[in-house]
Undergrad: 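Sending over a structure as structure tokens; questions will come in a sec.
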Amino acid sequence: MNRFSLDGRTALVTGANTGIGQAIAVALAEAGARVLCAGRSEPAETLARINALGGAAEAVPLDLADPLAGGRVFEGLPPVDILVNNAGTILRADAVDFTEEDWDAVIDVNLKAAFFTAQGFARAAFARDAGGAIINVASLLSFQGGIRVPSYTASKHGIAGLTKLLACEWAGRGINVNAIAPGYVVTNNTKDLRADPVRNKAILDRIPAGRWAEPDDIAGAAVFLASPAAAYMHGAIIPVDGGWLAR
Ligand code: NAP
């Protein structure tokens, strides 16, 4: 038995059209899963990459600006064994200037939608007496404060707490709930940071690995957490950060 194989499993990855979600979708497909690429943008590039390696994937339209939409998405789908709550957004402003609109926009997608998507996944799994795996995408800002991203930091601290709560409720019912906390990754999400020479240097100086992560650096942890190798993992938040938190 290959304990890292995902043969015969179906995974749904939110925000799979780009960045970390795309890398995770491709890696899960490489490990044998059929991947449902859920999001508000066409995941054409992700589907092409998965098809090129002989994997199975399809698009599932899902806009999490309606945070309850993720809970409903499972109603129309074949059984899903693995959920990756990856979709996320970030808005930057000084805390004294931060608006309610920017607070709600980030909390709705990053935290509220992640919860109701997990709830929809679990309800569908329990209805067919099945288990599964949920992998939430947390952040270094699940552990640290950061600056100028109050709703993002609150959402990612929330994701860490939610990961633990859901693990406590569902471990005994066959669902493994865990999270990955990526370090600083080259994606759309970090464009502004990388374009700021002062912030970019401060970040690089603190990363023991000496470089930003590529999305693919994050994907192996997702394959592990989705696989039988992680059967006894519950409520863990695994940093994949080039050593940032160890510093
Ligand atoms: P990204 O390239 O900007 O990807 C974000 C994904 O979320 C995109 O697919 C985006 O879709 C999707 N999304 C945003 N709002 C959505 C909505 N309303 N409905 C459905 N999908 C929506 O950034 P990324 O860095 O890969 O981010 C992926 C996850 O990693 C996020 O949860 C982020 O917080 C987390 N993370 C990133 C870093 C980093 O350094 N990059 C570090 C720690 C954690 P569109 O393309 O349509 O916008």
Side-chain angles (χ1 to χ4, degrees), residues 12-27 35-47 59-73 83-92 101-102 104-118 134-144 146 149 151-160 162-163 179-196 199-200 203-204 206-207 209 211-219 221-222 237-242 244-245:
L12 184 137
V13 182
T14 66
N17 58 306
T18 187
I20 293 169
Q22 178 179 78
I24 289 176
V26 171
V35 183
L36 307 177
C37 300
R40 62 180 175 178
S41 301
E42 267 296 314
E45 194 180 284
T46 311
L47 297 184
V60 173
L62 178 62
D63 187 348
L64 296 170
D66 169 3
L68 302 187
R72 293 189 297 266
V73 77
L83 166 65
V84 182
N85 268 323
N86 163 79
T89 188
I90 191 164
L91 293 168
R92 293 185 170 84
E101 198 183 12
D102 286 1
D104 288 344
V106 173
I107 295 286
D108 277 358
V109 174
N110 293 15
L111 184 58
K112 189 170 177 181
F115 172 70
F116 284 102
T117 308
I134 297 175
I135 298 150
N136 293 322
V137 178
S139 166
L140 294 176
L141 298 188
S142 298
F143 305 102
Q144 301 180 309
V149 286
S151 56
Y152 185 83
T153 297
S155 73
K156 294 299 184 179
H157 272 65
I159 278 290
L162 195 57
T163 299
I180 298 168
Y184 286 87
V185 189
V186 177
T187 69
N188 299 333
N189 175 303
T190 54
K191 227 179 246 165
D192 293 352
L193 277 186
R194 284 177 285 119
D196 177 337
R199 293 294 309 279
N200 188 43
I203 287 166
L204 269 180
R206 194 197 144 139
I207 302 174
R211 64 173 178 87
W212 283 68
E214 294 298 326
D216 199 45
D217 287 312
I218 311 304
I237 297 149
I238 303 181
V240 184
D241 65 353
W244 175 280
L245 287 176

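Start at 1 and go down the list; that is how both ligands and their atoms are numbered. Note that the structure is a prediction, hence the values are computed from the model and not measured.
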Undergrad: Please determine if Thr89 has a nitrogen or oxygen closer than 3.5 Å to a nitrogen or oxygen of ligand 1.
TA: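 By distance alone, the answer is no.
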Undergrad: Should Gly88 be counted as touching ligand 1, given the test is an N or O pair under 3.5 Å?
TA: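 Such a contact does occur with ligand 1.
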Undergrad: Can you tell me which residue and heavy atom of the protein come closest to atom 2 (O) of ligand 1, and the distance to 0.1 Å?
TA: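 The protein heavy atom lying closest is Thr18 CG2, 3.4 Å.
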Undergrad: Going by the angle between their ring planes, with limits at 30° and 60°, are Tyr184 and Trp212 parallel, tilted or perpendicular?
TA: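 Perpendicular, since the angle between the ring planes exceeds 60°.
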Undergrad: Report the distance from atom OH of Tyr152 to atom CD1 of Ile107, rounding to the nearest 0.5 Å.
TA: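 Between Tyr152 OH and Ile107 CD1, I get 11.5 Å after rounding to 0.5 Å.
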Undergrad: Measuring from atom CG of Leu141 to atom OG1 of Thr153, what distance do you get when rounded to the nearest 0.5 angstrom?
TA: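 OG1 of Thr153 is found 4.0 Å from CG of Leu141.
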Undergrad: My understanding is that we take every heavy atom of each candidate and find the minimum distance to atom 16 (C) of ligand 1. Doing that for Glu42, Lys191, Arg194, Arg40, which one comes out nearest?
TA: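 It is Arg40 whose heavy atom sits nearest to atom 16 (C) of ligand 1.
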Undergrad: Atom CG of Asn189 and atom OG of Ser139: how far apart are they, to the nearest 0.5 Å?
TA: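 Rounded to the nearest 0.5 Å, the CG-OG separation comes out at 8.0 Å.
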Undergrad: Side chain, backbone, both or neither: which part of Leu141 has a heavy atom under 4.0 Å from ligand 1?
TA: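 For Leu141, no heavy atom sits under 4.0 Å from ligand 1.
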Undergrad: Could you check atom 27 (O) of ligand 1 against the protein and tell me its nearest heavy-atom contact, residue, atom and distance included?
TA: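 Residue, atom and distance for the closest contact: Asn189 ND2, 4.2 Å.
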Undergrad: Can you list the atoms of ligand 1 that are under 4.0 Å from a heavy atom of Ser41?
TA: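 Those of ligand 1 that fall under 4.0 Å from Ser41 are 45 (P), 46 (O), 47 (O).
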Undergrad: I would like to know whether Thr163 and Asn136 meet side-chain hydrogen bond (donor to acceptor under 3.5 Å, both in side chains); could you show each step before the answer?
TA: CA-CA 7 Å; Thr163 299; Asn136 293 322; 3.0 Å; yes
Undergrad: Using non-hydrogen atoms of the residue, decide whether Thr14 is closer than 4.0 angstrom to ligand 1.
TA: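 Outside the 4.0 Å threshold, so no.
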Undergrad: Would Gly183 count as a contact residue for ligand 1, given that I'm defining contact as a non-hydrogen atom of the residue lying under 4.0 Å from a ligand atom?
TA: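 Yes.
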Undergrad: Provide, to 0.1 Å, the distance between atom 46 (O) of ligand 1 and the closest protein heavy atom, together with that atom's residue and name.
TA: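 Nearest neighbour among protein heavy atoms for atom 46 (O) of ligand 1, to 0.1 Å: Asn17 ND2, 2.9 Å.
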Undergrad: In terms of residue, atom name and distance, what is the protein heavy atom nearest to atom 35 (C) of ligand 1?
TA: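 Result for atom 35 (C) of ligand 1: Val137 CG1, 3.6 Å.
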Undergrad: Tell me which one of Asn200, Leu204, Ile203 satisfies side-chain contact (heavy atoms from CB on, under 4.5 Å) with Arg194.
TA: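 In the set Asn200, Leu204, Ile203, the residue that makes a side-chain contact (heavy atoms from CB on, under 4.5 Å) with Arg194 is Asn200.
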Undergrad: Quick check on contacts: which atoms of ligand 1 are under 4.0 angstrom from a heavy atom of Gly19?
TA: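 Here the atoms of ligand 1 in question are 2 (O), 26 (O).
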Undergrad: Got a second to check how far Gln22's CD is from Leu47's CG, nearest 0.5 Å?
TA: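 Answer rounded to 0.5 Å: 9.5 Å.
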Undergrad: Please work out, at 4.0 Å between heavy atoms, whether the side chain, the backbone, both, or neither of Ile20 comes within that distance of ligand 1.
TA: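 Contact part for Ile20 vs ligand 1: both backbone and side chain.
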Undergrad: Looking only at side chains, do Asn17 and Thr46 share a donor and an acceptor under 3.5 Å apart?
TA: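 Thr46 and Asn17 do not have a side-chain donor-acceptor pair below 3.5 Å.
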Undergrad: Might you confirm whether atom CD of Gln144 has over 12 heavy atoms from other residues, nucleotides or ligands at distances under 6.0 Å?
TA: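 Correct, the count exceeds 12.
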Undergrad: Closer than 4.0 angstrom, basic N to acidic O: yes or no for Asp66 and Arg72?
TA: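 Yes, charged N to carboxylate O under 4.0 Å.
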Undergrad: Val185 versus ligand 1: do any nitrogen or oxygen atoms come within less than 3.5 Å of each other?
TA: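 Val185 vs ligand 1: N/O contact under 3.5 Å present.
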Undergrad: Please compare Ala113, Ala87, Pro239, Pro67 and report which has the shortest non-hydrogen distance to atom 13 (N) of ligand 1.
TA: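 Ranked by closest heavy atom to atom 13 (N) of ligand 1, first place is Ala87.
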Undergrad: State whether the shortest distance between N or O atoms of Tyr184 and N or O atoms of ligand 1 falls below 3.5 angstrom.
TA: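 No, there is no polar N/O contact under 3.5 Å.
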Undergrad: Please state which part of Ala138 comes within less than 4.0 Å of ligand 1, counting heavy atoms only: side chain, backbone, both or neither.
TA: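 Answer for Ala138: backbone.
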Undergrad: Considering non-hydrogen atoms of the protein only, which is the closest contact for atom 19 (N) of ligand 1, and what is the distance?
TA: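 Result for atom 19 (N) of ligand 1: Leu64 N, 2.8 Å.
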Undergrad: Give a yes or no on whether the backbone of Thr89 and the side-chain of Asn110 come within a donor-acceptor separation of less than 3.5 Å.
TA: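 It does hold such a pair.
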Undergrad: List the closest protein heavy-atom neighbour of atom 28 (C) of ligand 1: residue, atom name, distance to the nearest 0.1 Å.
TA: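 Here the nearest protein heavy atom works out to Asn86 OD1, 3.1 Å.
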Undergrad: Using a strict cut-off of 4.0 Å, indicate which atoms of ligand 1 neighbour a heavy atom of Tyr152.
TA: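 Matching atoms, with element in brackets: 33 (C), 34 (O), 35 (C), 36 (N), 43 (C), 44 (C).
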Undergrad: Kindly identify the option in Asn188, Thr46, Thr187, Val84 whose heavy atom sits closest to atom 41 (N) of ligand 1.
TA: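 Closest candidate by heavy-atom distance is Thr187.
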Undergrad: Starting from atom 20 (C) of ligand 1, find the nearest protein heavy-atom neighbour and note its residue, name and distance.
TA: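 Ranking protein heavy atoms by distance from atom 20 (C) of ligand 1, first comes Leu62 O, 3.4 Å.
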Undergrad: Would you compute the distance between atom CG of Asp63 and atom OG of Ser41 and round it to the nearest 0.5 angstrom?
TA: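 The OG atom of Ser41 is 9.0 Å from CG of Asp63, to the nearest 0.5 Å.
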Undergrad: Atoms of ligand 1 less than 4.0 Å from Asp63 heavy atoms?
TA: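 Every atom of ligand 1 under 4.0 Å from some heavy atom of Asp63: 17 (C), 18 (N), 19 (N).
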Undergrad: Regarding ligand 1, does Thr190 bring an N or O atom to under 3.5 Å of one of the ligand's N or O atoms?
TA: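 There is no such contact.
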Undergrad: Might you work through the side chain to side chain contact (heavy atoms under 4.5 Å, CB included) test for Leu83 and Thr117, ending with a clear yes or no?
TA: CA-CA 9 Å; Leu83 166 65; Thr117 308; 3.8 Å; yes
Undergrad: Would you say the side-chain atoms of Lys156 pair up with the backbone N or O of Phe143, donor to acceptor, closer than 3.5 Å?
TA: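 Checked: no pair found.
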Undergrad: Applying the side-chain contact (heavy atoms from CB on, under 4.5 Å) test to Ile218, which of Val240, Asn86, Asp241 qualifies?
TA: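 The residue from Val240, Asn86, Asp241 that satisfies side-chain contact (heavy atoms from CB on, under 4.5 Å) with Ile218 turns out to be Val240.
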Undergrad: What atoms of ligand 1 come within less than 4.0 Å of a heavy atom belonging to Val109?
TA: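 Selected atoms, number and element: 15 (N), 18 (N).
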Undergrad: Around atom 43 (C) of ligand 1, find the nearest protein heavy atom and jot down its residue, atom name and distance.
TA: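 Here the nearest protein heavy atom works out to Pro182 O, 3.5 Å.
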Undergrad: Looking at Asp217 and Arg211, does any basic side-chain N land under 4.0 Å from a carboxylate oxygen?
TA: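 Yes, Asp217 and Arg211 are salt-bridged.
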Undergrad: Tell me whether ligand 1 is touched by Lys156 - counting only heavy atoms on the residue side and a distance under 4.0 Å.
TA: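 Yes, that is the case, since the closest heavy atom of the residue is under 4.0 Å from the ligand.
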Undergrad: If we only count N/O pairs under 3.5 Å, is Gly39 in contact with ligand 1?
TA: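 No.
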Undergrad: For ligand 1, is there an N or O atom under 3.5 Å from any N or O atom of Leu140?
TA: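 There is no such contact.
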Undergrad: Using modelled atom types only, decide if a donor and an acceptor are shared between the side chain of Thr14 and the backbone of Asn85 within a distance under 3.5 Å.
TA: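 Answer holds: no.
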